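Bear in mind the structure is a predicted one, so any value in this text is a computation, not a measurement. Residues take their numbers from the sequence shown, with the count starting at 1.
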Amino acid sequence: MSGRISIINTGGTIGMMPSEGGYAPVPGALSKMLETLPELGRDTLPKFEVIELDPILDSANMGPDDWNTIAEVIASRYDAFDGFVVLHGTDTMAYTASALSFMLEGLRKPVILTGSQIPLARIRTDARQNLLDSMLIASQFSIPEVSLIFGGRLFRGNRVTKTNAADLDAFASPNYAELGRSAVRLEVFRDRVRAAPRGPLKVQKISGCRVGALRLFPGIDAGILESILATSPDGLVLECYGIGNAPVRNEKLLDVLSAACGRGVVVVACSQCLEARVDLTRYETGAALARAGVIAGLDLTAEAAMTKLMYLFARGDSSDRVKAQMQTNLRGEITIVDGEAG
């Protein structure tokens with residue numbers, strides 16, 4: 001097996017150990033466990049290193065600063081390794097995968113996120129297979145993008161969302177087909193993988209921007225939206241009903257949205273449905289949002305919409321530029337149909 005893989009351990013369930021307060025990350029524990037796995041000493045696996053971030057985290061504690069650290073580690077080892085595996089907790093893995101897909105500009109090598117629902121320390125665990133799959137795919141296939149493998153399914157990183165906290169098949173890609181799968185043999189569907197970009201790798205850090213999110217619900221008080229917008233966010237992900245509908249009888253809510261959009265806040269409508277494509281022209285309840293200045297998030301996941309907004313503002317784009325870029329396909333995060341820009 002040729003190729004060298006850098007495994008970046010950020011924490012998460014895969015390397016947790018039992019404690020008085022429940023399972024928790026323990027520095028150095030994962031590396032010690034990996035040394036005991038006979039599979040990792042075979043010639044059929046690529047050579048690898050293990051880098052452990054400090055501190056290692058439950059992914060509920062992950063944030064943009066941690067995304068920046070992961071991206072910097074990848075960049076610092078980019079020329080020396082053929083692929084990268086990021087071990088991560090499942091709760092916010094979709095956010096990190098989405099963020100890295102935007103931050104790693106010019107990526108030409110595989111960056112694969114994985115983790116587990118059951119710690120590697122347990123006898124019955126999904127950690128071994130997820131880890132082995134990620135290492136083999138990162139070393140055997142040319143996948144010039146950020147992806148995520150879990151439960152034998154390989155997904156584009158900015159298309160996934162966590163759908164199950166109990167099953168070993170924890171993730172889904174509602175609006176884009178899987179990139180590959182691990183079954184009797186490893187298979188990658190080449191026609192679904194993005195073409196390699198030109199130019200060198202460049203990391204765009206995410207910092208200095210403020211983005212919020214609000215999920216609409218029946219009876220929502222406009223004051224809740226006002227409170228969020230009072231914090232002066234750069235952008236807001238508005239999780240709407242269906243294909244982008246909102247309660248238009250709530251005129252105060254629309255007034256608050258209109259005022260915010262008027263002063264430059266970028267409000268992006270996403271759907272609360274797993275499988276959906278936002279279209280603010282189909283119903284009056286969506287058209288009212290468009291008149292207020294809200295833009296359609298098309299088939300972006302909420303995680304991709306949030307991290308894409310952060311990325312665009314972090315690189316210094318104006319509000320008008322952000323609006324245009326949110327509806328432009330940058331890393332395969334949205335599906336462009338006839339008549340749309342992209």
For a 4.5 angstrom cut-off between non-hydrogen side-chain atoms, does Tyr95 reach Met62?
no

Out of curiosity, Ile228 CD1 to Leu214 CG, how far, rounded to the nearest 0.5 Å?
4.5 Å

Using a strict cut-off of less than 4.0 Å between a Lys/Arg side-chain nitrogen and an Asp/Glu carboxylate oxygen, indicate whether Arg331 and Glu145 qualify as a salt bridge.
no

Please examine the side chains of Phe313 and Arg321, heavy atoms only from C-beta on, and report whether any two atoms are closer than 4.5 Å.
no

Flag, side chain of Thr92 to backbone of Ala60, donor-acceptor distance under 3.5 Å
no

Should Ile74 and Val203 be counted in the same cluster of Ile, Leu, Val, Met, Phe, Trp and Tyr side chains packed under 4.5 Å apart?
yes

Nearest heavy-atom pair of Gln327 and Ala296: which atoms, and what distance?
NE2-O, 2.9 Å

Could you go through Val111 and Ser147, starting from their C-alpha distance and side-chain angles, then the distance that decides it, and tell me whether this counts as side chain to side chain contact (heavy atoms under 4.5 Å, CB included)?
CA-CA 6 Å; Val111 174; Ser147 59; over 6 Å; no

Find out whether Val268 and Val294 are in side-chain contact, i.e. whether some heavy atom of one side chain is under 4.5 Å from a heavy atom of the other.
no

Distance check, rounded to the nearest 0.5 Å: Glu239 atom CD versus Ser271 atom OG?
8.5 Å

Salt bridge (Lys or Arg N to Asp or Glu O under 4.0 Å) between Arg156 and Glu178: does it pass, once the steps are laid out?
CA-CA 7 Å; Arg156 175 164 294 154; Glu178 59 193 28; over 6 Å; no

Enclosure of Glu72 CD (heavy-atom neighbours >12, cutoff 6.0 Å):
yes

Would you name the heavy atoms of Met93 and Gly115 that are closest together and state the gap between them?
CE-N, 3.7 Å

What pairs meet the side-chain hydrogen bond (donor to acceptor under 3.5 Å, both in side chains) rule with one or both residues in residues 121-131, with sequence neighbours excluded?
Tyr23-Arg122, Gln129-Asp133

Closest non-hydrogen atom pair, Ile206 against Ala99
CD1-CB, 4.4 Å

Any heavy-atom pair between the side chains of Ile5 and Ile7 that's under 4.5 Å?
yes

Assess, by modelled atom type and distance only, whether the side chains of Thr96 and His88 contain a donor and an acceptor separated by less than 3.5 Å.
yes

Distance-only, no hydrogens or angles: does the Asp255 side chain make a donor-acceptor pair with backbone N or O of Ala259 under 3.5 Å?
no

Ignoring hydrogens and angles, tell me if any N or O in the side chain of Ser258 forms a donor-acceptor pair with the backbone of Leu254 under 3.5 Å.
no

Are Phe141 and Leu186 close enough, and set up right, to give a side chain to side chain contact (heavy atoms under 4.5 Å, CB included), and what steps lead you there?
CA-CA 10 Å; Phe141 297 92; Leu186 294 174; 4.1 Å; yes

Straight-line distance of Ile137 CD1 to Glu187 CD, nearest 0.5 Å:
10.5 Å

Please check this pair: side chain of Gln325 against backbone of Leu330, looking for a donor-acceptor N/O pair closer than 3.5 Å.
no

Non-hydrogen atoms of Leu309 and Val322 that approach each other most closely
CD2-CG1, 3.7 Å

Start with the C-alpha gap between Glu49 and Ser6, add the side-chain angles, then the distance that decides, and say whether side-chain hydrogen bond (donor to acceptor under 3.5 Å, both in side chains) holds.
CA-CA 5 Å; Glu49 68 163 12; Ser6 180; 2.7 Å; yes

For Glu105 and Tyr311, run side-chain hydrogen bond (donor to acceptor under 3.5 Å, both in side chains): C-alpha distance rounded to whole Å, both residues' side-chain angles, the deciding distance at 0.1 Å, then the answer.
CA-CA 11 Å; Glu105 299 175 350; Tyr311 161 75; 2.6 Å; yes

Kindly indicate whether a cation-pi arrangement holds for Arg159 with Phe155, taking the cut-offs as under 6.0 Å to the six-membered ring centre and within 45° of the axis.
no

Between Thr307 and Trp67, is a side chain to side chain contact (heavy atoms under 4.5 Å, CB included) present by the stated rule, with each step listed?
CA-CA 11 Å; Thr307 54; Trp67 303 337; 3.8 Å; yes

Distance, nearest 0.5 Å, that separates CG of Leu225 from CG of Leu236
6.5 Å

Pairwise distance CG(Asp299) to CZ(Arg277) - rounded to 0.5 angstrom:
5.0 Å

Less than 3.5 Å apart, which donor and acceptor atoms pair up between the side chains of residues 160-171 and the rest of the protein, not counting sequence neighbours?
residue, atom, partner, partner atom, Å
Thr161, OG1, Glu303, OE2, 2.7
Lys162, NZ, Thr90, OG1, 2.8
Lys162, NZ, Asp91, OD1, 2.8
Thr163, OG1, Ala170, O, 3.3
Asn164, OD1, Ala166, N, 2.7
Asn164, OD1, Asp167, N, 2.8
Asn164, ND2, Asp167, OD2, 3.2

With distance as the sole test, does Thr69 use its side chain to make a donor-acceptor pair with the main-chain N or O of Asp65 at under 3.5 Å?
yes

Measuring only between side-chain heavy atoms, which start at C-beta, is Ile112 closer than 4.5 Å to Val86?
no

Test your reading of the model: is there a side-chain donor-acceptor pair from Arg210 to the backbone of Thr231, 3.5 Å cut-off?
yes

Looking only at heavy atoms, the pair that brings Gly244 and Val278 closest together is CA-CG1, 4.0 Å

Apart from Tyr283 itself, what residues make up its hydrophobic cluster, given side-chain heavy atom links below 4.5 Å?
Ile243

Please report the interatomic distance CG(Leu298) to CD1(Ile334), rounded to the nearest 0.5 Å.
5.0 Å

Before giving the answer on side-chain hydrogen bond (donor to acceptor under 3.5 Å, both in side chains), spell out for Asp279 and Thr281 the whole-Å C-alpha distance, their side-chain angles and the decisive distance to 0.1 Å.
CA-CA 6 Å; Asp279 181 351; Thr281 67; 2.5 Å; yes

Do Lys109 and Phe81 make a side-chain contact, defined as non-hydrogen atoms from C-beta onward lying under 4.5 Å apart?
no

Side-chain donor/acceptor of Glu251 to backbone N/O of Val248, under 3.5 Å:
no

Please check if the side chain of Lys202 supplies one atom and the backbone of Met103 the other of a donor-acceptor pair under 3.5 Å.
no

With side chain to side chain contact (heavy atoms under 4.5 Å, CB included) as the criterion, how do Leu120 and Leu37 come out once you've worked through the C-alpha distance, each side chain's angles and the decisive distance to 0.1 Å?
CA-CA 10 Å; Leu120 184 59; Leu37 294 182; 4.2 Å; yes

Are Tyr176 and Phe189 co-members of a hydrophobic cluster defined by side-chain heavy atoms under 4.5 Å apart?
no

Could you walk me through whether Arg291 and Glu284 pass salt bridge (Lys or Arg N to Asp or Glu O under 4.0 Å), step by step?
CA-CA 10 Å; Arg291 289 195 296 271; Glu284 170 58 23; 2.5 Å; yes

What I'd like to find out is whether the side chain of Asn158 reaches to under 4.5 Å of the side chain of Thr301, using heavy atoms alone.
no

Given the rule in the side-chain hydrogen bond (donor to acceptor under 3.5 Å, both in side chains) test, do Tyr78 and Arg108 qualify, once you have shown the distances and angles that lead to the verdict?
CA-CA 10 Å; Tyr78 191 70; Arg108 298 175 62 87; 5.6 Å; no

For Ser19 against Ala24, the heavy-atom pair lying closest together:
OG-CB, 4.0 Å

Just so I know, are the side chains of Ile56 and Thr10 near enough to count as touching, which here means a heavy-atom distance under 4.5 Å?
no

Judged by atom type as modelled, is there a donor-acceptor pair below 3.5 Å linking the side chain of Thr114 to the main-chain atoms of Ile149?
yes

Any donor-acceptor N/O pair, Ser319 side chain to Gly264 backbone, under 3.5 Å
yes

